[in-house]
Amino acid sequence: GENVEQHPSTLSVQEGDSAVIKCTYSDSASNYFPWYKQELGKGPQLIIDIRSNVGEKKDQRIAVTLNKTAKHFSLHITETQPEDSAVYFCAASLWRGDMRFGAGTRLTVKP
Amino acid sequence: NAGVTQTPKFQVLKTGQSMTLQCAQDMNHEYMSWYRQDPGMGLRLIHYSVGAGITDQGEVPNGYNVSRSTTEDFPLRLLSAAPSQTSVYFCASSYSTAGNEQFFGPGTRLTVL
C-alpha cells in the first residue's frame, strides 16, 4: 500500500520567516495530495491541495509543489505568523478511496 | 449545516468492553472514513465507505467494525476494547471519494484501561 513520509517532525521559525515541510510517497498511482492543518483539540482542516496533473499551486502565503518523477511534494508558508503555529499533515490518495497521511510536522512560529 | 459531528467527545472503557463511536454528516457526502491518531504516527485509516451499504478496510481495521445503512451515519464499533485502542478517533467525509477535500469531525478521545 501507499506509504507517506514527512519531514521534519518539528520546525521552529521566527515570525516573518518562511517554513518548508516535505513529504515523499511510494505509490506512483497516487493522484491527489492534500495538506491539512490541525490546531490543538480540533480535527484537521484542509489548507491546500494539488492533483497529479499540476506542478504547483499557490493560495496567498501558502504554496504546494509536486514532483511526480521524484514522488515528493512540499508545503511552503511565507511570511509566517504566530497563528500559523499548528501541526501540519500531508497525505496522498489513490482513486479508490484509500488516503494515507504523513506523521505530521509541529510548526512553531516565534513572535 | 452542522458538518461532521461525533459523539461522545471523551470515553473511558475497561478492557473487554464494547462500545460504538457515532459519526454523522449533513452534507450529503458519499465518502466517509474513520481514522485513529496516535502521537508521532499521524492519522491512520481504519475503515471507509464510498456510499450507503458499502464499506472497506483501511490500514488498521483489526478490532473495529463499521456499517453504513444511511448516507448520513457511519458508526464505528469496538467489539472488545484493548489498551492498544487508546487513541483519538476522527471521522471524516467528502463529496465523492478520498480524492477530494475531507471534512473532519472534532474527534473522540478514547482511553481503555
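In what follows, chains are A, B, ... by sequence order, proteins preceding strands, each numbered from 1.
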Atom pair [atom1] ([X]) and [atom2] ([Y]), whose distance is rounded to the nearest 0.5 Å:
| X | Y | atom1 | atom2 | answer |
| --- | --- | --- | --- | --- |
| A:Lys42 | B:Phe104 | NZ | CZ | 15.0 Å |
| A:Met99 | B:Leu43 | CE | CG | 10.5 Å |
| A:Ile47 | B:Glu101 | CD1 | CD | 11.5 Å |

Open item on the list: So for B:Gln37, is it side chain, backbone, both, or neither that comes closer than 4.5 Å to the heavy atoms of chain A?
Closed with: side chain
Need one label for [X]: side chain, backbone, both or neither, based on atoms under 4.5 Å from any heavy atom in chain B.
| X | value |
| --- | --- |
| A:Gln38 | side chain |
| A:Arg106 | neither |
| A:Pro34 | neither |

- [ ] Group every Ile, Leu, Val, Met, Phe, Trp and Tyr by side-chain heavy-atom contacts under 4.5 Å, then state whether A:Phe89 and B:Tyr89 land in the same group.
- [x] no
TODO: Give the cluster check for A:Val20 versus A:Leu66: same hydrophobic cluster or not, with ILVMFWY residues linked at side-chain heavy-atom distances below 4.5 Å.
DONE: no
Got more than 12 heavy atoms from elsewhere within 6.0 Å of [atom1], [X]?
| X | atom1 | answer |
| --- | --- | --- |
| A:Gln45 | CD | no |
| A:Leu40 | CG | no |
| B:Arg109 | CZ | no |
| A:Gln14 | CD | yes |

Open item on the list: If we ignore hydrogens and angles and just use 3.5 Å, is the side chain of A:Tyr36 paired with the main-chain N or O of B:Gln102 as donor and acceptor?
Closed with: yes
